[in-house]
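Here the structure is laid out as structure tokens; the discussion comes afterwards.
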Amino acid sequence: MNVLLLGSGGREHALAWKLAQSPRLGKLFAAPGNPGIAEHAEIVKLDAGDHRAVVDFCRRHAVDLVVIGPEGPLVDGLADNLRATGFAVFGPSRAAAQLEGSKGYTKDLCARYGIPTARYARASDRLAAEAALQEFGAPVVIKADGLAAGKGVVVAATDDEALAALDLMFDGGLGAGGAVVVEEFLEGEEASFFALADGETVVPFGTAQDHKRVGDGDTGPNTGGMGAYSPASIVTAAMSERVMSEIIEPTMRAMAERGAPFSGILYAGLMLTAEGPKLIEYNVRFGDPECQVLMMRLESDLLALMDAAAHGRLAEEEAPRFSRDAALTVVIAAKGYPGTPERGGAIRIGDVGEAKIFHAGTAIAGDGLVAVGGRVLGVTARGATVAEARAAAYAAVDSIDFPSGFSRRDIGWREMARGGWRGDGGAC
Ligand code: AMP
Ligand code: GLY
């Protein structure tokens with residue numbers, strides 16, 4: 001099979017690496033790609049925003065499957081245009097991508113179908129938003145309604161902070177058309193839960209925990225993710241069953257009923273509260289860097305699973321298998337991230353042993369590698385426990401010479417505090 005992979009992050013490098021292991025793979029094309037992806041794919045010039053150009057490329061190169069990595073092209077309807085012209089796609093339609101593209105859409109769906117989530121109010125003007133603040137009281141969470149690249153969420157500890165967030169959303173141009181969702185603050189531990197779907201059948205596809213803040217001890221501003229590990233032992237087998245039956249499966253049924261069946265990867269950001277799992281948000285694609293740890297543990301043929309999902313044949317496939325090993329990724333970012341990252345810093349990767357280095361913001365300059373983005377490398381290792389995976393990942397991090405880079409030193413701290421994960425029981 002010939003495959004076109006769209007995207008340029010560490011997530012897409014991990015997907016390319018895993019797709020390249022499939023005996024079914026013919027030619028792998030990638031756009032815009034990065035130097036890591038180029039080890040497994042032919043990089044082609046293609047703008048995912050130009051749907052006609054993508055369709056033409058697929059025709060000319062006999063592409064059998066298009067894998068769309070990031071949310072932007074999905075929310076923009078690229079999958080619909082490809083399917084309408086006869087191409088198979090891994091990723092949801094524009095209508096189904098609203099699960100990520102509009103927080104209000106997802107909250108309303110949860111309310112309608114009884115899917116557990118924080119209580120909320122949608123407000124399209126400031127007055128309505130202030131009324132909602134009064135109702136919930138601090139601490140409270142305020143979210144811009146639309147894709148906001150991780151910057152659209154404010155967890156306000158006090159009423160003053162909540163009002164300042166409204167200033168930002170309504171006057172600072174952050175809100176998508178000024179619409180916000182005001183939410184009850186949920187207490188508990190967060191976990192990421194992945195499910196693979198073909199519109200009808202849905203199966204669990206691994207768990208992980210992300211580290212969103214830039215600094216050690218979960219301090220500083222939010223980022224796209226500074227590290228992750230899988231599995232998240234807090235998601236036990238029993239918890240996984242609850243998540244599937246209370247959150248994922250009802251969502252799949254609801255989407256089918258609405259004429260927007262979901263296919264691709266559904267990534268549920270969960271809060272595990274005293275009352276049970278509650279949905280914080282959906283993403284309609286793999287997480288980055290969660291994808292890196294999942295691919296490191298996946299034993300099944302990724303291409304076979306993606307092809308089955310794209311063709312509505314998941315029920316005929318063997319369930320996805322993951323190693324009982326743990327995997328952990330440490331992101332190395334360029335100094336300045338998540339603000340303005342330093343560009344052009346030289347990177348020399350030494351002997352990293354069994355670790356896998358997934359590229360994100362890198363480029364080739366002369367005969368060396370330089371940083372050209374915020375998150376630059378995802379150093380990923382496996383081990384029998386999170387503690388072992390973490391030791392191997394940090395040994396590799398320390399062998400990389402990248403003076404203008406930095407990483408958190410405490411990735412996996414939650415699992416370490418629990419004594420490290422032993423691989424006995426738990427969900428995938
Ligand atoms: P989101 O973009 O919706 O995932 O929100 C970003 C982060 O804000 C989440 O990962 C949580 O840490 C936090 N958050 C969002 N909603 C809530 C909530 N209702 N209660 C507590 N924390 C939340
Ligand atoms: N790591 C969080 C995300 O991909 O959304």
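Ligands are counted one by one from 1 in listed order, and the atoms in each one are counted from 1 as well. Since this is a predicted model, take the numbers as computed values, not measurements. All values below were derived from every heavy atom in this structure, side-chain atoms included, with hydrogens, water molecules and symmetry-related copies excluded.
Nearest heavy atom pair, residue Ala308 against residue Asp198, reads O-CB, 4.2 Å. Considering every non-hydrogen atom in both Ala95 and Tyr105, the closest pair reads O-OH, 4.3 Å.
Distances shorter than 4.0 angstrom occur between a heavy atom of Met271 and an atom of ligand 1.
Exactly one residue among Leu328, Thr207, Val330 makes a side-chain contact (heavy atoms from CB on, under 4.5 Å) with Tyr229. That residue is Leu328.
Nearest to atom 23 (C) of ligand 1 by heavy atom, out of Leu270, Val154, Val182, Val141, is Val141. Comparing Ile142, Asp218, Thr273, Val153 against atom 7 (C) of ligand 1, the shortest heavy-atom distance belongs to Val153.
Annotation: Leu186 places an N or O atom under 3.5 Å from an N or O atom of ligand 1; distance criterion only. The N/O atoms of Gly225, backbone and side chain alike, include none that comes under 3.5 Å of an N/O atom in ligand 2. Between Arg375 and ligand 2, not a single N/O pair is under 3.5 Å apart.
With a 4.0 Å heavy-atom cut-off, ligand 2 is reached by the side chain of Arg285 but not by its N, CA, C or O. No part of Arg11 comes within 4.0 Å of ligand 2, judged by heavy-atom distances.
Put simply, CG on Leu78 and CG on Leu6 are 6.5 Å apart, with the number rounded to the nearest 0.5 Å. In this structure, the separation between CZ on Phe90 and CG on Leu74 is 10.0 Å, given to the nearest 0.5 Å.
Taking every non-hydrogen atom of Phe185 and a distance limit under 4.0 Å, the qualifying atoms of ligand 1 come out as 20 (N), 21 (C). Here is the list of ligand 1 atoms found below 4.0 Å of a heavy atom in Ala118: 19 (N). Ligand 1 places these atoms under 4.0 Å from at least one heavy atom of Glu184: 18 (C), 19 (N), 20 (N). Residue-ligand proximity, Gly287 to ligand 2, at heavy-atom distances under 4.0 Å covers atoms 4 (O). The ligand atoms of ligand 2 that sit less than 4.0 angstrom from a heavy atom of Glu290 are 1 (N), 2 (C), 4 (O).
By the 30° and 60° cut-offs, the orientation of the rings of Phe29 relative to Phe57 is perpendicular.
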What pairs of donor and acceptor atoms, side-chain ones from residues 127-139 against any protein atom, are under 3.5 angstrom apart with sequence neighbours left out?
| unit_1 | atom_1 | unit_2 | atom_2 | d |
| --- | --- | --- | --- | --- |
| Glu130 | OE2 | Arg126 | NE | 2.9 |
| Glu130 | OE2 | Arg126 | NH2 | 3.4 |

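Residue pairs meeting the side chain to side chain donor-acceptor pair (under 3.5 Å) criterion with at least one partner in residues 330-347, sequence neighbours excluded, do not occur; the list is empty.
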